[in-house]
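First listed ligand is number 1; within each ligand, the first listed atom is number 1.
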Amino acid sequence: MRYYSTNSKLELTTFREAVIQGLPPDNGLFMPEYIPAIPPEFFKASRQLSFKEISLHIAQAFIEDEIPATELRRIVDDAFNFEPKLIQVQPHIYSLELFHGPTLAFKDFGARFMAQVMAYFAADSEKTLTILVATSGDTGSAVGNAFMNLPNVQVMLLYPSGGVSRIQEQQLTTLGGNIHALEVEGVFDDCQRLVKQAFLDTDLNQSWMLSSANSINIARLIPQTFYYIHAYALLNETERQIIISVPSGNFGNLTAGLFAKSMGLPVSKFVAATNINDVVPTYLASGEFVPRASLPTISNAMDVGNPSNFARMLNLYDNDLDAMRADIYGCSFTDEQTRQAMAEVFHNQGYVLDPHGAVSYLGLKSYKQQHPDITGIFLETAHPGKFHETVESVTNQHLKLPPRLAACLDRPKKATRISADFGSLKRVLMEITSNLGFSFS
Ligand SMILES: *Cc1c(COP(=O)(O)O)cnc(C)c1O
């Protein structure tokens, strides 16, 4: 399997190159040459398979012989020390809980798989691999955790000052070791812009092996297809039409779902559910894509004004708006609606939604209102404990924090503050690295 850039289908590259580079030199995004077709029998048979077995099978279809089967099996084994769970919440409505990983957010799936793959590729390199990550909250801790103590790798986490919850900030500034937190005086889009600039900077690229670990990295996207197939395998209602609702920010998660559909997964529709940062639902309605500055909401991991994976979505559909509309239903919700949904589901079913899961639940309900005969799965992307202040204010109940979260609240925050311009980032990167005594020969 070869990979190309969304800006040019002519130049093909290996999986290894695509993973290490993160972004193609032409500033596009890597895409697989084709989406592997998975035969219908596999989806039927998947009911007998474990999450790891499904993951290995799909990973092989994307990576082929670039990683030997025994190594890939070990990578899947080490990456997935947890599993998704499918919980019925209402008749024909299920929550796919993706937050049972070490940082209690779905980003553990992509981050842990990617970290293992990168460590495999970096093992025979002489340079230290430097990972740059822009995070709106959960990416940072998931990536930081995934790379903790891996040899030959250092990680720089850029996050917007004041733009993440206290718990998220604690999670990403207390890791230490080879993981550095940079607190940017700006919003998430500034962090994302700085990372993109770093990749285009000749100086940095000459001396360092730079890589990205955002959802733009293809090695994070591929493992996100695995749980869509696992969810289907766990579902008992496959005679009804199945739709899946995805709470979206940078649209990596949704893009992975569309990959799975394109592989043959029998899902009739995906819901692109957003908070008021709704440039993609607006595009689906009007045909016009107008990126803009993001606005803060209670589902802050989705506060994205210029979603990076939109280029992949366009590419997947050959810029055909009608084809995209046939597969994706877009909708957006206010914080007020989100709180109301959290309160309702808690009072009626006793199920606790986090603000992101609540947005995807609302998206599912919105679609189901017009198509009552479907079976729906909404993705629960974060443990409610990560947003316990919002959750507690809505449910009026004390929420017990998972021990892992409680522990990291006590550790001292360690972060370097920088202004939102590339000069500051470059200075700080140089400083941190020279303090560590790395040489870039
Ligand atoms: C990152 C994140 C999202 C959005 O996922 P994308 O792939 O960026 O669309 C949703 N919910 C939570 C909890 C997240 O951390």
Side-chain angles (χ1 to χ4, degrees), residues 29 84 95-111 114 133-145 157 159-160 163-165 167-169 171-172 188-189 191-192 212-218 220-225 227-228 244-260 270-275 277-281 294 297-313 328 330 332-333 338 342 353-363 378-388 390-391 405:
L29 294 176
S95 167
L96 182 66
E97 294 184 350
L98 299 173
F99 54 70
H100 297 287
T103 70
L104 309 170
F106 87 98
K107 291 187 173 73
D108 285 327
F109 286 97
M114 177 191 60
V133 189
T135 178
S136 58
D138 286 341
T139 300
S141 51
V143 170
N145 247 277
L157 306 173
Y159 73 97
V164 301
S165 76
I167 290 189
Q168 286 174 325
E169 185 167 36
Q171 279 189 306
L172 55 93
F188 172 69
D189 293 323
C191 301
Q192 196 148 259
S212 124
N214 273 328
S215 53
I216 50 182
N217 195 299
I218 193 71
R220 274 193 54 187
L221 206 59
I222 290 169
Q224 293 185 9
T225 62
Y227 47 71
Y228 287 100
I244 301 184
S245 178
V246 186
S248 297
N250 260 319
F251 286 81
N253 209 357
L254 180 72
T255 301
L258 298 172
F259 275 24
F270 279 88
V271 179
T274 70
N275 57 33
N277 295 287
D278 61 351
V279 296
V280 172
S294 59
T297 72
I298 56 169
S299 48
N300 64 29
M302 309 184 336
D303 295 349
V304 182
N306 188 6
S308 52
N309 281 287
F310 183 66
R312 282 193 174 117
M313 292 169 62
I328 311 169
S332 66
F333 302 94
T338 307
M342 291 165 72
L353 293 165
D354 98 290
H356 306 78
V359 169
S360 69
Y361 168 83
L362 282 166
F378 66 94
L379 305 194
E380 235 311 358
T381 44
H383 190 291
K386 291 192 89 160
F387 301 90
H388 69 105
T390 306
V391 172
L405 264 187

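- The distance criterion of under 3.5 Å between nitrogen or oxygen atoms is not met by Ala382 with respect to ligand 1.
- In this structure, Phe99 has no heavy atom closer than 4.0 Å to ligand 1.
- Set against the non-hydrogen atoms of Asn253, the atoms of ligand 1 under 4.0 Å away are 7 (O).
- Considering backbone and side-chain atoms together, Asp354 places no N or O closer than 3.5 Å to any N or O of ligand 1.
- The minimum heavy-atom distance between Phe251 and Ala272, with the atom names listed, is CE2-CB, 3.9 Å.
- Minimum interatomic distance between Ser308 and Leu29 (heavy atoms only, all atoms of both residues): O-CD1, 3.0 Å.
- In terms of N/O distances under 3.5 Å, ligand 1 is not approached by Thr139.
- Heavy atoms of Ala105 come nearer than 4.0 angstrom to ligand 1 in no pair at all.
- Applying side-chain contact (heavy atoms from CB on, under 4.5 Å) to Phe188 and the options Asn306, Asn250, Thr139, Val164 leaves one that passes, Asn250.
- Shortest non-hydrogen contact noted between Ser360 and Ser245 is O-OG, 2.7 Å.
- Using bins of under 30°, 30° to 60° and over 60° for the plane-to-plane angle, the ring pair Phe106/Tyr227 lands in the perpendicular bin.
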Check your understanding: Between Tyr361 and Phe378, does a ring-ring contact (aromatic ring centres under 6.0 Å, His included) hold up when you go through it step by step?
Key -> CA-CA 6 Å; Tyr361 168 83; Phe378 66 94; 5.5 Å; yes

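- Considering backbone and side-chain N/O of Ala301, none are found under 3.5 Å from N/O of ligand 1.
- Pairing each heavy atom of Asn300 with each of Gln168, the nearest pair is OD1-OE1, 3.4 Å.
- Heavy-atom contacts of Gly252 reach the following atoms of ligand 1: 6 (P), 7 (O), 9 (O) (cutoff under 4.0 Å).
- Looking at ligand 1, you won't find any N or O of His356 less than 3.5 Å from one of its N or O atoms.
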